[in-house]
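All values below come from the heavy atoms of this structure, side chains included, with hydrogens, waters and symmetry mates left out. Model, not experiment: these values are computed from the prediction.
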Amino acid sequence: MLAGAVAVSVTACGPLGGDDTESSSTSAAPPLTTTTTTAPTSSSSTTATGSTKNPPSGSSVLTSSREYMASTNNVTISGTVYDADRDLTITLRSEGSTGGLLSTSKKAGISRATLSVPGGGTMETIIVGIDHYVRVNKEWLEVFEAPDDSPMRKNTGAWVKVPFDDSPLDAYRPQTLLRATFYGESVTPFDAKKSPASFETLDGEETYRVAIRKAKGDAQERILWVSTAPGEPAPIRLSYGEGERQSVLEYSRWNRSREDFAKPKGAKVMEDLSSDDF
């Protein structure tokens, strides 16, 4: 099952550590402060318009961005994740509720995810509170080497309801993806202090570019782009790896993503289904 692969890949790239029990009552992130200068300095960068500014610290960008995410209700996450175990790239789109980002509850929120792999394999998930549904095709089961006696092989192309407890589908919810990436322990606040920020134009817009670096060890550098919009330091893109092994996740439609997914009609309930079955 892909859940482990995506969870490992995303957690490994997490740009901000912290206590998972941390809570926030922030309704909007505090503004980030930059300083206009008359001449470049060693910590400054030149924007596309020619003005020179000192960017805020990478640590402050990451902190403000995390506070912004905690105040949002929904998001769309899309892109590609490289699975080193199978040497293939997975295309992912997950949209819907953040489910109370700092909450440990898996019962809140409505979301939908679609994943695809080379060869035409696809998996779709719909989560409405405690009701978790999945649909896969034959090509997906072949790529992930599902057992011959897997009940999913007799239900390809059909929606199946999986047990809520220890649901493997939880890995693809926006809430889980954001927590694993921005609230995990893979990068600590000490790492954030080692991560410099600069200005960079991305898709025609000025952004903060943060080079996420480990304070200890030789983990690969990750690049995070964050919006410079006042009071809305939303993550825009996260990239790590190189060439064919590169993973890129894009974050969009903050507080505007869909949350109206309906439960599939006629879904078959499978009480004994495990992640190994697909």
Side-chain angles (χ1 to χ4, degrees), residues 1-11 69 72-81 83 89-101 103-117 119-144 146 150-181 249-278:
M1 175 60 184
L2 181 59
V6 171
V8 170
S9 297
V10 174
T11 301
M69 286 186 287
T72 61
N73 295 318
N74 48 61
V75 67
T76 295
I77 304 171
S78 59
T80 57
V81 176
D83 181 353
T89 296
I90 303 131
T91 300
L92 164 73
R93 179 181 175 85
S94 177
E95 57 187 317
S97 171
T98 58
L101 187 58
S103 170
T104 58
S105 173
K106 297 181 180 180
K107 298 180 180 180
I110 299 174
S111 62
R112 180 169 189 161
T114 303
L115 300 94
S116 61
V117 293
T122 60
M123 181 176 78
E124 300 172 82
T125 74
I126 290 180
I127 293 178
V128 182
I130 64 173
D131 296 320
H132 291 204
Y133 303 88
V134 64
R135 179 167 65 180
V136 299
N137 63 8
K138 179 180 178 181
E139 291 79 9
W140 178 273
L141 297 177
E142 293 301 324
V143 169
F144 289 96
S150 167
M152 292 302 295
R153 289 193 176 275
K154 297 181 180 180
N155 292 276
T156 55
W159 284 104
V160 171
K161 185 177 181 181
V162 306
F164 167 72
D165 292 334
D166 299 321
S167 169
L169 308 185
D170 180 64
Y172 313 117
R173 292 194 306 151
Q175 186 213 45
T176 307
L177 291 169
L178 290 175
R179 284 177 60 86
T181 306
L249 293 175
E250 298 191 349
Y251 309 87
S252 62
R253 299 185 60 78
W254 292 96
N255 273 335
R256 294 184 293 117
S257 290
R258 291 180 58 191
E259 287 187 317
D260 58 352
F261 304 111
K263 299 178 183 180
K265 296 181 179 179
K268 185 175 182 179
V269 178
M270 290 190 177
E271 297 293 347
D272 297 326
L273 198 68
S274 73
S275 60
D276 294 334
D277 287 317
F278 54 100

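The closest donor-acceptor contact from the side chain of N155 to the backbone of P151 lies under 3.5 Å. A donor-acceptor pair under 3.5 Å is formed between the side chain of S150 and the backbone N or O of D277. The backbone N or O of F278 lies less than 3.5 Å from a partner atom in the side chain of W140, making a donor-acceptor pair.
Residues satisfying the side-chain hydrogen bond (donor to acceptor under 3.5 Å, both in side chains) criterion with R256, sequence neighbours excluded, are absent altogether. Residues that satisfy the salt bridge (Lys or Arg N to Asp or Glu O under 4.0 Å) test with R253, not counting sequence neighbours, are absent from this structure. Taking K263 as the reference, D131 meet the salt bridge (Lys or Arg N to Asp or Glu O under 4.0 Å) condition, with sequence neighbours excluded. Taking E139 as the reference, N137 meet the side chain to side chain contact (heavy atoms under 4.5 Å, CB included) condition, with sequence neighbours excluded. Residues forming a side-chain hydrogen bond (donor to acceptor under 3.5 Å, both in side chains) with N73 (at least two apart in sequence, or on another chain): none. With sequence neighbours excluded, the residues forming a side chain to side chain contact (heavy atoms under 4.5 Å, CB included) with I110 are V128, F261, listed by chain and number. Every residue was checked against the ring-ring contact (aromatic ring centres under 6.0 Å, His included) condition with W159, not counting sequence neighbours, and none meets it. Legend: residues meeting side-chain hydrogen bond (donor to acceptor under 3.5 Å, both in side chains) with T72, ordered by chain and number and at least two apart, are absent. Residues forming a side chain to side chain contact (heavy atoms under 4.5 Å, CB included) with S78 (at least two apart in sequence, or on another chain): R93, E250. With sequence neighbours excluded, the residues satisfying side chain to side chain contact (heavy atoms under 4.5 Å, CB included) with T91 are T80, S116. Applying the side-chain hydrogen bond (donor to acceptor under 3.5 Å, both in side chains) rule to E124 yields the partners R112, R135; only residues at least two apart in sequence or on another chain are considered. Take D165 and apply the salt bridge (Lys or Arg N to Asp or Glu O under 4.0 Å) test, not counting sequence neighbours, and it matches no residue.
Counting only heavy atoms from C-beta outward, the side chains of T114 and T122 never approach each other to under 4.5 Å.
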